[in-house]
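Residue numbers start from 1 in every chain, and the chains themselves are labelled A, B, ... in the order their sequence lines are given, proteins ahead of strands. No hydrogens, no waters, no symmetry mates; every other heavy atom, side chains included, goes into these values.
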There are 4 protein chains.
Amino acid sequence: MKTRDKIIHASLKLFNERGERNITTNHIAAYLKISPGNLYYHFRNKEDIISSIFLLYESHLDSGFQPYMGQEVSLELLVGYFDTMFETLWEFRFMYDNLTDILTRDEAVLKRYQHTQQQALNRSSHILSKLREDGVLAIEQEQITPLADTMRMIACFWIGYKQTHSINATITKASLYEGLLRVLMIFKAHATPESQGTFTRLEQHYQAMANTCFMPNLDVHSLAS
Amino acid sequence: MKTRDKIIHASLKLFNERGERNITTNHIAAYLKISPGNLYYHFRNKEDIISSIFLLYESHLDSGFQPYMGQEVSLELLVGYFDTMFETLWEFRFMYDNLTDILTRDEAVLKRYQHTQQQALNRSSHILSKLREDGVLAIEQEQITPLADTMRMIACFWIGYKQTHSINATITKASLYEGLLRVLMIFKAHATPESQGTFTRLEQHYQAMANTCFMPNLDVHSLAS
Amino acid sequence: MKTRDKIIHASLKLFNERGERNITTNHIAAYLKISPGNLYYHFRNKEDIISSIFLLYESHLDSGFQPYMGQEVSLELLVGYFDTMFETLWEFRFMYDNLTDILTRDEAVLKRYQHTQQQALNRSSHILSKLREDGVLAIEQEQITPLADTMRMIACFWIGYKQTHSINATITKASLYEGLLRVLMIFKAHATPESQGTFTRLEQHYQAMANTCFMPNLDVHSLAS
Amino acid sequence: MKTRDKIIHASLKLFNERGERNITTNHIAAYLKISPGNLYYHFRNKEDIISSIFLLYESHLDSGFQPYMGQEVSLELLVGYFDTMFETLWEFRFMYDNLTDILTRDEAVLKRYQHTQQQALNRSSHILSKLREDGVLAIEQEQITPLADTMRMIACFWIGYKQTHSINATITKASLYEGLLRVLMIFKAHATPESQGTFTRLEQHYQAMANTCFMPNLDVHSLAS
DNA sequence: AATGAATGAGCATTCATTCAT
DNA sequence: AATGAATGAATGCTCATTCAT
């Protein structure tokens with residue numbers, strides 16, 4: 001891997017593990033066993049590194065949220081989207097510990113972040129619309145975007161929420177699934193009576209996933225069954 | 001006002017306006033035109049100032065969330081609680097820009113914060129239970145606490161969310177009402193058919209309130225009518 | 001006791017226990033539950049307090065080192081002097097942790113200290129002379145002052161020496177007697193053959209004293225026997 | 001010279017001249033016309049600088065106190081040791097102005113210091129034993145270590161003693177020779193009658209050295225004659 | 001590409017001392 | 001005599017960034 005990419009990935013790793021505020025450019029250089037000067041050869045400044053990490057974030061989100069023109073809307077598809085979102089959140093969780101602060105510092109990053117988020121929201125709303133048309137959701141058209149937004153919000157702040165409001169502050173994959181179940185709960189509240197069962201099955205699936213985090217050797221096919 | 005209180009309020013103001021990480025003790029002293037030594041005469045250190053602000057936060061929350069022994073549960077009462085929460089969040093919004101970081105630094109504050117939040121959650125759950133018994137909410141008993149928790153979560157992170165995900169990042173009272181409406185939306189999703197109308201009226205009330213922010217001279221009695 | 005004296009004695013106590021450098025004027029005031037302003041009403045500054053402690057030190061030394069015109073020189077008398085010195089050292093031990101530093105800061109105190117020390121040295125030399133005349137010490141007249149000086153030096157720096165060169169750094173009365181025995185060792189090296197026995201008895205006495213520190217209830221008459 | 005070494009030597013110089021407590025890291029940086037940041041690039045903190053100075057001290061002492069396997073014990077050899085000790089003390093005299101304080105602050109340095117001192121003491125005792133076997137010293141075997149210890153003590157605190165107890169507080173090489181003569185005095189007190197002459201000659205030698213300090217151009221062969 | 005020494009403004013904090021009351 | 005709030009220069013130290021090599 002090129003030095004530039006090494007710096008991005010080391011920074012991301014260290015930021016996630018110990019918080020962006022606690023990681024200096026010298027920490028990153030020392031971790032990679034390169035000189036601080038070399039780090040600044042590849043990046044103008046620390047903000048520039050963060051900006052590059054956001055670029056990575058954006059492409060993760062974009063590639064995981066591909067629209068699905070023409071395909072039939074399935075719950076699996078929708079869940080695929082949420083899987084993507086939660087995985088992205090895990091990968092870039094340092095951002096969500098400190099989102100306001102980071103975005104306030106760099107106007108350009110803020111704009112790009114908002115654009116990416118807006119696109120993700122549009123796609124989510126589009127899917128919710130289809131689910132409504134298909135009789136899965138009992139919801140008025142004008143409530144669709146607010147609902148998508150609420151779900152996104154819970155996803156975005158779940159990590160920060162867990163870290164501050166739960167006794168055990170360490171974030172794990174299991175605690176992320178807990179967040180997913182919370183989103184599903186809201187989803188289910190808007191489900192038509194006929195689709196309640198489907199949502200129940202989804203819940204059971206993710207509950208199993210959360211449990212699996214502690215039993216990693218089990219092969220999981222809970223949804224398929 | 002006593003110097004000690006001046007320091008607390010100036011800190012709160014500056015933290016809210018420019019972020020806690022960007023405000024040094026010297027900034028606070030300079031803003032108040034007192035010496036850094038004087039600031040440290042009144043507070044052991046910066047953490048101590050923050051701790052005192054949290055004390056203020058806790059008493060705001062506690063006094064606004066008085067239990068209502070004996071009274072009849074009304075939507076108005078519940079809404080009063082949310083009004084309190086949203087106003088408190090506004091007053092102490094700097095915390096939510098950086099909650100993980102702040103709470104990680106001071107174990108004692110973390111414990112107190114979590115205790116306060118737990119009590120607020122208990123009271124919310126209690127009210128939801130009553131609403132369920134009164135046939136207002138169609139929700140299983142075991143879903144009550146998760147629902148209360150979700151609503152709290154949206155309340156807690158609404159400001160941070162707005163600040164980072166909306167184009168116009170400036171937080172106003174109107175944008176807080178927007179958050180309130182979002183919570184109501186979730187609420188309404190669990191309403192029994194008979195109480196749908198009540199929730200609709202509530203929505204209209206808060207919508208009016210939000211609009212009034214731009215027309216402050218109008219006397220508002222939207223709920224009464 | 002008057003506030004002024006309370007300040008002197010509290011300062012002495014705190015300096016001895018925790019080191020002069022580690023005790024601020026605010027510490028002293030807080031310990032006495034008086035205001036810093038009051039402390040500065042009684043003393044111009046910290047140096048002034050230290051100067052007053054030195055005054056106390058000087059009078060201790062002077063009163064314990066009264067010349068003994070006319071009396072017969074006895075070993076008991078001499079030992080009385082060393083008892084005084086060691087007790088004074090114990091009482092004012094903070095000085096000897098940091099003597100250079102303290103005396104460098106205040107010219108006037110330095111001069112007074114040196115004067116007091118010179119007088120103590122003169123008296124010691126005078127006694128040694130008599131002991132020589134009485135056939136107790138086998139020493140040339142011109143070696144008398146250097147010998148007195150060496151003994152004083154060991155006395156003065158014993159505490160500092162113990163604190164830095166022994167594994168167990170805590171200073172106790174017992175460790176002071178250890179220093180006394182060291183001085184006696186030098187003394188004995190200059191004893192005439194006839195007086196060796198007397199010095200041996202002295203050593204046994206102080207050895208017993210050192211042991212007594214751990215058995216405080218025993219009545220000690222080791223010298224008398 | 002490398003910056004790191006410059007910092008060590010400048011610190012040593014400034015500490016010796018003005019006392020360690022009175023020299024801040026900023027003083028050192030200013031003296032060397034480097035930035036405080038640069039100083040902290042080379043040293044973790046002030047303790048780290050002091051620790052490095054102690055390393056220097058230890059190697060000075062170790063290299064000057066090489067054991068002398070097989071050689072015949074001569075007074076010259078012994079005196080060589082004391083020369084080393086006194087010169088080392090001169091070079092690092094700031095330590096002895098404040099030894100308790102400095103060693104109390106850093107456990108690791110204390111341990112190393114005590115180890116170095118213990119080794120020096122062992123070697124001194126070993127030499128004294130040989131001198132006793134050779135009929136130079138009239139001393140019981142069990143008194144050897146206390147004697148070595150006493151001599152070391154005088155050496156260690158001579159500078160501090162002179163600085164505080166003599167009218168002319170400025171330390172010179174001549175005043176160091178005075179300390180050496182003091183140690184010799186104790187030594188001589190334990191000499192056998194046959195070796196008294198040798199010690200007298202030694203005294204004369206060092207007396208001459210002390211005088212030479214004021215006549216630096218004279219070639220000194222006082223011992224040889 | 002890379003090194004690593006160097007910068008310097010800034011930070012949280014301390015403490016002897018002052019002063020209005 | 002005494003209070004206690006206030007001062008302000010100073011301290012040890014940090015860290016994003018620069019630059020000669």
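- Figure legend. F:dC15 is base-paired to E:dG8; pairs are counted as Watson-Crick or G-U wobble with both atom distances under 3.5 Å.
- The 5' end of DNA chain E is approached more closely, in terms of each residue's nearest nucleotide, by D:Lys33 than by the other of C:Asn22 and D:Lys33.
- Comparing F:dG12, F:dA6, F:dT17 by their closest approach to the side chain of D:Thr24 singles out F:dG12.
- Rounded to whole Å, atom P of F:dG4 lies 23 Å from atom OH of B:Tyr40.
- Among the heavy atoms of the strands lying under 4.0 Å from C:Thr25 is at least one base atom, whether or not backbone atoms are also near.
- Where B:Asn38 and D:Gly37 each meet DNA chain E at their nearest nucleotide, the meeting point lying more 5' is that of D:Gly37.
- What you find for A:His27 and A:Leu14 is that their closest heavy atoms are O-CD1, 4.3 Å.
- Summarising the geometry, the separation between NZ on A:Lys2 and P on E:dA2 is reported as 11 Å, rounded to the nearest angstrom.
- Rounded to whole angstrom, the span from the CD1 atom of B:Ile23 across to the P atom of E:dG10 amounts to 14 Å.
- Comparing C:Tyr41 and D:Arg44 against DNA chain F, the residue whose closest nucleotide sits nearer the 5' end is C:Tyr41.
- Nearest-nucleotide mapping onto DNA chain F: of A:Lys46 and B:Ser35, the residue sitting toward the 5' end is B:Ser35.
- Of the residues C:Gln117, C:Glu107, C:Glu58, the one that meets the side chain to side chain donor-acceptor pair (under 3.5 Å) test with C:Arg112 is C:Glu58.
- Across all strands shown, D:Ile34 has heavy atoms under 4.0 Å from sugar-phosphate atoms exclusively, and none from any base.
- In this structure E:dT13 sits in a base pair with F:dA10, meeting the Watson-Crick or G-U test at under 3.5 Å.
- Here A:His27 lies out of heavy-atom contact (under 4.0 Å) with every strand.
- Figure legend. E:dA1 is base-paired to no nucleotide; pairs are counted as Watson-Crick or G-U wobble with both atom distances under 3.5 Å.
- As a whole-Å value, the separation of A:Phe43 CZ from E:dA1 P is 12 Å.
- The separation between C:Ile28 atom CD1 and F:dT3 atom P is 15 Å, rounded to whole Å.
- The local environment of NZ in B:Lys111 is crowded, with over 12 non-hydrogen atoms from other residues, nucleotides or ligands closer than 6.0 Å.
- A salt bridge links A:Asp101 with A:Arg105: at least one charged nitrogen is closer than 4.0 Å to a carboxylate oxygen.
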